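For reference, the structure discussed in these notes is given below.
In listed order, ligands and their atoms are each counted from 1. On a predicted model such as this, the values are computed, not experimentally measured, just so you know.
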Amino acid sequence: MTASFIPPKRVLMGPGPSDVPQRILDAMARPTIGHLDPAFVDLMEQIKSMLRMAFQTQNALTFPVSAPGSAGMEMCFVNLVEPGDKVIVCRNGVFGGRMLENIKRTGGVPVIVDDAWGKPVDPQKVRDAFKAHPDAKVFAFVHAETSTGAQSDGEVLGRIAQEFGALTIMDCVTSLGGTPVYLDKWGIDAAYSGSQKCLSCTPGLSPVSFSERAIEKIRARTTPVQSWFLDLNLVLGYWQSAGKRTYHHTAPINPMYGLHEALVILEEEGLENAWARHRAMHEKLKAGFEGMGLKYVVEASARLPQLNSIHVPEGVDEAAVRARLLSEFNLEIGAGLGDMAGKIWRIGLMGYSAKQENVDYCLKALKACLPGSA
Ligand SMILES: Cc1ncc(COP(=O)(O)O)c(C=O)c1O
């Protein structure tokens, strides 16, 4: 007979998921109710309202997609890009590359703005791309590139796209709840995030938000959205209009309890306090790394507090160190992706993981695993 699965107790300091507080796990263990039950409808309304706070938006169409961040990404592209639409897309890491894949699959015509991995998106290159392609209808960038730890300037990039009359899609999977995100102030038309990063919920839900301009573009489409599940015209009947909700799919009820609790916790702490906590923990971790002679990949001005990427010291077997951290210390940190595989570590300070105890533990464990330690 197969035994029940009991997961090992880990400290999660990789690029996500982050540690999930017991309070959220407890919320998820409450009894399942029906997804059209009036009590669940109330819960959905509360989630939508708290997500507006987290995204800093008044957008009515703000809700969690019943699937991970990648589905939120796909929802933005399949709805906002029609075959033949020109899309300026920034690529400075793995996730910009995934945006590009989405554009190609929707039949969009991509104009790629490349920046080196580890650098933020260069606004001048974006401006030049718009000047060369004034017919671009959509602009897409990753606010917090989890593959490198670089943060781009959402405010400046959003303004450029508005100047040229394009709709902006922003990936804020790793930034939401960890560093400032202001959808309305920055003029972002579509944004998607994930439940498992700075919100510290379990993986599997993708908060998204769409402006009125974005909805107009979707309503004016001349071709159907090629994904049935992600077609906003259909999802709207489920997530909007609390009074006359119609069946679209069966929402993951218990994970929604978890997301609700995560947002209640965020409200209790205060959004700006949460941002400040991520920054403060980053400063402490950084001081410890510097004391150990470890070097950051990203220049200080563009560094994400919640994702610290550092160069693996010369001669160190990075995979062996990560394996030892996991087996001896139960500590998970992240490896490099793509060209950075084998060369960097990515240490997350996201959500509930962004606390003094974790900073101290990570420094102690890493010290013990690096050459020169006792
Ligand atoms: C910036 C970014 N975008 C998109 C995703 C995809 O999210 P998920 O893994 O929840 O599908 C991730 C996940 O790490 C991410 O970091």
Side-chain angles (χ1 to χ4, degrees), residues 12-20 51 54-55 63-78 89-103 105 115 117-121 140-154 157 168-179 181 183 188 190-209 227 229-230 252 255-256 258-259 262 278 297-298 302-309 332-338 340-341 344-351 353-354:
L12 299 181
M13 295 185 73
S18 53
D19 284 339
V20 180
L51 281 178
F55 276 122
F63 66 98
V65 180
S66 303
S70 306
M73 178 189 282
E74 198 148 335
M75 177 176 269
C76 291
F77 287 96
V78 292
V89 57
C90 303
R91 182 173 57 178
N92 61 338
V94 166
F95 295 100
R98 287 202 185 169
M99 285 181 148
L100 173 61
E101 263 313 302
N102 272 273
I103 295 161
R105 286 169 194 233
D115 275 294
W117 283 39
K119 298 272 182 223
V121 171
F141 72 99
V142 178
H143 183 221
E145 223 341 314
T146 327
S147 60
T148 66
Q151 174 162 258
S152 294
D153 192 331
L157 295 174
T168 298
I169 299 175
M170 180 171 87
D171 177 320
C172 46
V173 170
T174 283
S175 47
L176 192 72
T179 42
V181 166
L183 294 197
I188 307 297
Y192 58 90
S193 188
S195 45
Q196 76 275 27
K197 309 265 184 179
C198 296
L199 297 179
S200 254
C201 188
T202 51
L205 295 174
S206 178
V208 293
S209 186
S227 162
F229 184 65
L230 297 172
M256 292 293 181
L259 180 60
H278 283 87
V297 173
V298 178
R303 231 171 251 166
L304 278 169
Q306 62 273 49
L307 202 281
N308 296 257
S309 12
E332 178 178 284
I333 67 165
L337 299 176
M340 290 185 160
I344 68 165
W345 285 311
R346 292 179 301 147
I347 292 123
L349 282 173
M350 299 181 184
S353 295

Scanning both residues in full, the closest heavy-atom pair of H278 with A354 reads CD2-CB, 3.8 Å

Notebook entry, point to check: What about T146: any of its N or O atoms under 3.5 Å from an N or O on ligand 1?
Noted result: yes

Could you check whether any side-chain heavy atom of M75 comes within less than 4.5 Å of a side-chain heavy atom of Y192, counting everything from C-beta outward? no

Inset, instruction - Please determine if G69 has a nitrogen or oxygen closer than 3.5 Å to a nitrogen or oxygen of ligand 1. - result: yes

Numbered in order shown, the ligand 1 atoms found under 4.0 Å of a heavy atom of A144 are 1 (C)

For T174, the ligand 1 atoms with a heavy-atom partner under 4.0 Å come out as 16 (O)

closest protein heavy atom to atom 14 (O) of ligand 1 is K197 NZ, 2.6 Å

Looking only at heavy atoms, the pair that brings P207 and F55 closest together is O-CZ, 3.6 Å

query = Would you say the side chains of S200 and S18 form a donor-acceptor pair under 3.5 Å?
reply = yes

If you scan protein heavy atoms around atom 12 (C) of ligand 1, the nearest is F95 CE2, 3.4 Å

For S227 and E74, does a side-chain donor sit closer than 3.5 Å to a side-chain acceptor? no

Open item on the list: So is A71 touching ligand 1 or not, going by heavy atoms under 4.0 Å?
Closed with: no

Shortest non-hydrogen pair, P15 vs G334, comes out as CD-CA, 3.7 Å

Shortest non-hydrogen pair, R346 vs S309, comes out as CG-CB, 4.1 Å

Practice item. Using distance alone, determine whether S70 and ligand 1 share an N or O pair under 3.5 Å. Key: yes

Check: of D171, L307, L337, min heavy-atom distance to atom 3 (N) of ligand 1 comes from D171

Any heavy atom of Q196 under 4.0 Å from ligand 1? The part involved is side chain

